[in-house]
2 protein chains.
Amino acid sequence: MAGPASVKDVARRAGVSLGTVSNVLNRPERVGPETRERVLRAIEELGFVRNEAARQLRAGRSRTIGLVVLDVGNPFFTDIAAGVEEMAASAGLSVLLCNSADNQDRENHYLSVLEEQRTLGILISPVTGENPHLNEIRTRGMSAVLVDHRSSRRQCSVSVDDVVGGELAADHLIAQGYDRLAFVGGPIGLNQVANRLAGARNAWRAAGQDPDRITVLETTALTVASGRLMGERIAAMPARRRPRAVFCANDLLALGVLQEMTRQGLDVPGQLAIVGYDDIDFAAAAAVPLTSVRQPRAQLGRAATELLIDEISSAGTHQHRQVVFEPELVVRASTDNARRPRASAG
Amino acid sequence: MAGPASVKDVARRAGVSLGTVSNVLNRPERVGPETRERVLRAIEELGFVRNEAARQLRAGRSRTIGLVVLDVGNPFFTDIAAGVEEMAASAGLSVLLCNSADNQDRENHYLSVLEEQRTLGILISPVTGENPHLNEIRTRGMSAVLVDHRSSRRQCSVSVDDVVGGELAADHLIAQGYDRLAFVGGPIGLNQVANRLAGARNAWRAAGQDPDRITVLETTALTVASGRLMGERIAAMPARRRPRAVFCANDLLALGVLQEMTRQGLDVPGQLAIVGYDDIDFAAAAAVPLTSVRQPRAQLGRAATELLIDEISSAGTHQHRQVVFEPELVVRASTDNARRPRASAG
DNA sequence: GAGCTGGAATGAAACCTTTCATGTGACGCA
DNA sequence: TGCGTCACATGAAAGGTTTCATTCCAGCTC
């Protein structure tokens with residue numbers, strides 16, 4: 001026996017036909033108990049394992065959905081993934097988790113893989129708003145739901161209002177009396193980044209300030225390492241020109257900045273207040289517990305999966321929906337202006 | 001046209017045979033330039049996408065390896081996954097990431113899925129040492145490498161010496177003068193947990209103490225939430241019976257305990273020193289930067305993938321190897337006994 | 001002009017499972 | 001005895017790709 005056993009081998013060993021073996025596997029009630037027993041024994045003895053590829057080829061589609069995220073290393077996305085998996089499992093589907101790492105080429109590569117696999121549908125947190133490749137794939141009949149990104153009316157999406165989130169963060173900083181504000185995040189091309197910045201500018205304008213006077217410190221990625229790098233730059237600024245508060249596009253950046261401040265002996269929030277975004281579990285456990293904008297992560301994942309399943313199963317009647325959740329500000333020590341030392345103390 | 005276009009459709013449209021289309025796809029140099037052009041145009045016009053299932057059925061195996069981890073929510077494992085993916089990509093392979101969530105049934109489920117998919121090989125951080133199902137699958141010719149768990153000589157594995165890690169942690173605490181020691185971790189059935197505890201006991205014994213006098217506080221999982229729960233229990237102990245130092249089986253637990261201490265107003269390391277394990281990025285950014293036992297995570301992933309690829313490609317000559325890395329202690333503020341208040345101060 | 005060469009294209013077979021229309025035989029009932 | 005029914009079991013077909021042994025043909029040599 002060269003390769004692994006096939007239904008044919010099982011059939012021969014059990015002395016029945018191919019069809020009967022298949023029936024034992026898929027509709028056991030249609031097979032006589034004695035025959036069934038014999039087939040099962042043959043399966044056991046040969047160590048037969050279904051060939052999913054052949055199965056799927058016959059069926060024309062798989063029982064898998066794809067989830068493409070921007071960064072598996074970010075707990076924000078693994079929390080979403082947990083929600084997706086929970087929902088998918090309860091519908092009997094598997095989830096194929098792909099990491100685009102903020103990279104358009106990788107995103108497209110994974111989209112191709114998912115299409116070639118005849119995946120049932122795709123959940124994607126896209127690198128950019130419009131991805132022609134994704135649109136093409138959808139044209140060919142693949143269902144897709146955008147996650148963490150609001151779509152047009154021609155497609156389903158699940159997102160959290162990032163503009164509102166940015167406003168919440170900036171409003172809070174303004175209310176706390178911080179004046180020189182910086183925004184840390186990037187690449188600016190990322191939608192989430194752009195929207196959170198736009199929200200902050202809105203709030204700034206509403207407070208009667210010039211929205212362009214928010215210093216934008218653009219990073220190359222939304223990671224702890226990028227945050228540390230930017231932290232170095234901030235610490236190196238002369239105290240008079242240094243911002244009093246930074247709003248970071250996500251918690252990883254915020255934690256990086258915070259870490260660097262601590263290392264350089266700058267007090268948070270005394271010399272620099274920090275607001276993060278996402279409220280991942282680690283934000284609360286940070287050196288200085290982080291004020292952050294909370295997103296309902298698992299819920300995001302569940303809702304997206306529900307929409308996708310609906311789109312797949314009721315192809316004809318499906319109505320595209322854009323679900324938008326509201327973010328929520330969680331205030332912690334990192335923006336406590338009471339702890340800010342006298343201006344002369346620096 | 002009902003379903004998506006197939007090679008047959010492309011062939012018809014381009015006015016060539018099936019075989020030629022396949023050649024354009026797989027060995028373009030064997031096809032005349034003019035014909036090739038015509039086929040490519042047909043592919044473009046029809047939006048033809050290879051059917052991976054059929055491809056794989058024909059080939060007998062996929063171009064994918066499976067990675068089963070204990071907890072995708074734990075940065076330790078996503079860092080390993082990053083290493084795996086990097087190595088796999090450079091060998092032209094895809095990675096299917098599965099989360100067993102410490103659960104034997106889920107682990108077995110994913111193993112079955114991977115076998116049915118005719119995955120090229122499996123990297124697995126196993127829930128328990130011996131998994132009969134995994135052994136069965138290996139019997140049928142599937143390659144598998146254990147990750148973060150040392151195997152017997154009959155199989156490849158990549159791990160970090162957890163006993164040494166436990167010794168490093170406990171030695172450090174002893175050297176810092178901490179006497180009442182507790183170990184936080186669980187389920188004790190998990191190998192990593194058991195070994196780290198064993199290491200700590202070794203060190204304790206070597207220091208002339210009764211190794212059974214290490215209090216074992218068993219948790220149900222290695223998560224931040226479990227850590228918080230155990231933190232509550234620790235805080236609730238009368239100060240005289242409370243441990244002076246805890247060694248946590250991983251950083252998530254340590255962060256949870258730390259968070260709860262802060263919430264309850266207990267000083268770390270003043271009233272409780274904490275050592276974590278893994279040295280994930282967040283450990284350094286914690287409320288009190290965590291002393292932790294560092295593991296070379298990405299390297300673990302890369303090495304495991306290398307072993308797997310070797311096992312797959314040189315099936316005949318392959319020698320099973322057990323690669324064991326050495327952990328490294330990273331000392332930070334959470335175990336700084338200088339900051340410990342006078343005994344009478346409590 | 002016959003025979004040969006090599007590049008290019010062909011078409012059937014194989015991979016494995018599932019489905020479905022068909023076949024078989026036993027049994028009960030009129 | 002003959003017919004209909006029912007429960008099982010059968011075998012061929014289909015699904016899309018790749019491979020490989022053939023076939024075809026233009027161009028070349030002798």
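Order of the sequence lines fixes the chain letters, A, B, ..., with proteins taken first and strands second; residue numbering starts at 1 for each chain. Keep in mind the model is a prediction, meaning the values are calculated, not measured.
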Return the value, rounded to whole Å, for the distance between atom NZ of A:Lys8 and atom P of C:dT18. 15 Å
Expressed as a whole number of angstroms, how long is the span from B:Asn51:CG to C:dT17:C1'? 14 Å
Hey, is the main chain of B:Gln155 close enough, under 3.5 Å, to the side chain of B:Gln322 for a donor-acceptor pair? yes
Looking at B:Val69, is its backbone amide N or carbonyl O close enough to the side chain of B:Ser100 to form a donor-acceptor pair, meaning the two atoms are under 3.5 Å apart? yes
How close or far is atom P of C:dT17 from atom CZ of A:Arg63, stated in whole angstroms? 19 Å
Output yes when a side-chain donor or acceptor of B:Gln56 lies under 3.5 Å from a complementary backbone atom of B:Gln117, and no otherwise. yes
So, is B:Arg36 near the phosphate of C:dA8, with a side-chain N or O under 4.0 Å from OP1 or OP2? no
A:Leu18 CG to C:dC20 C1', straight-line distance once rounded to whole Å: 14 Å
Whichever of A:Ala59 and B:Arg38 has the more 5' nearest nucleotide on DNA chain C, that residue is B:Arg38
Contacts of A:Ser22 and B:Val31 projected onto DNA chain C by closest heavy atom; the upstream (5') one is B:Val31
For atom CD of A:Gln319, is the number of surrounding heavy atoms from other residues, nucleotides or ligands below 6.0 Å larger than 12? no
Whole angstroms only, please: what is the CG-P distance between B:Asn23 and C:dG7? 14 Å
Check whether the side chain of A:Arg58 and the base of C:dT18 form a donor-acceptor pair under 3.5 Å. yes
Donor-acceptor pair, A:Glu107 side chain versus A:Pro126 backbone, under 3.5 Å? no
Whole angstrom value for the distance that separates P of C:dC15 from CZ of B:Arg61: 15 Å
Short side-chain to backbone donor-acceptor contact, A:Asp9 and A:Ser6, under 3.5 Å: yes
Would you call B:Arg41 and B:Glu44 a salt bridge, taking side-chain N to carboxylate O under 4.0 Å as the test? no
Just wondering, more than 12 heavy atoms not from A:Arg154 lying within 6.0 Å of its CZ? no
Need one value for A:Gly32: base, sugar-phosphate or nothing, where a base atom within 4.0 Å counts as base even if backbone is also close, heavy atoms only. sugar-phosphate
Please determine if a side-chain N or O atom of A:Ser6 lies less than 4.0 Å away from the OP1 or OP2 oxygen of C:dC16. no
DNA chain D: first to last nucleotide in contact with chain A (atom under 4.0 angstrom from a heavy atom), 5' to 3', is D:dC8 to D:dG16
Nearest-Å distance, CG (A:Leu57) to P (C:dC16)? 12 Å
Please round to 10 degrees the angle between the axis of the first five pairs and the axis of the last five pairs in the helix from C:dG1-D:dC30 to C:dA30-D:dT1. 60°
Salt bridge flag under 4.0 Å for residues B:Arg302 and B:Glu306: no
So B:Val16, base contact, sugar-phosphate only, or nothing? Heavy-atom distance under 4.0 Å. sugar-phosphate
Short side-chain N/O contact to C:dT18 OP1/OP2 from A:Arg55, under 4.0 Å: yes
Can a salt bridge be assigned to the pair A:Glu115 and A:Arg140 using a cut-off of 4.0 Å between side-chain N and carboxylate O? yes
Neighbours of DNA chain C within residues 110-120 of chain A, by heavy-atom distance under 4.0 Å: none
Hey, does B:Leu222 have a side-chain heavy atom less than 4.5 Å from the side chain of B:Asp71? no
What residue among A:Arg13, A:Arg38, A:Arg12 forms salt bridge (charged side-chain N to carboxylate O under 4.0 Å, His left out) with A:Glu45? A:Arg13
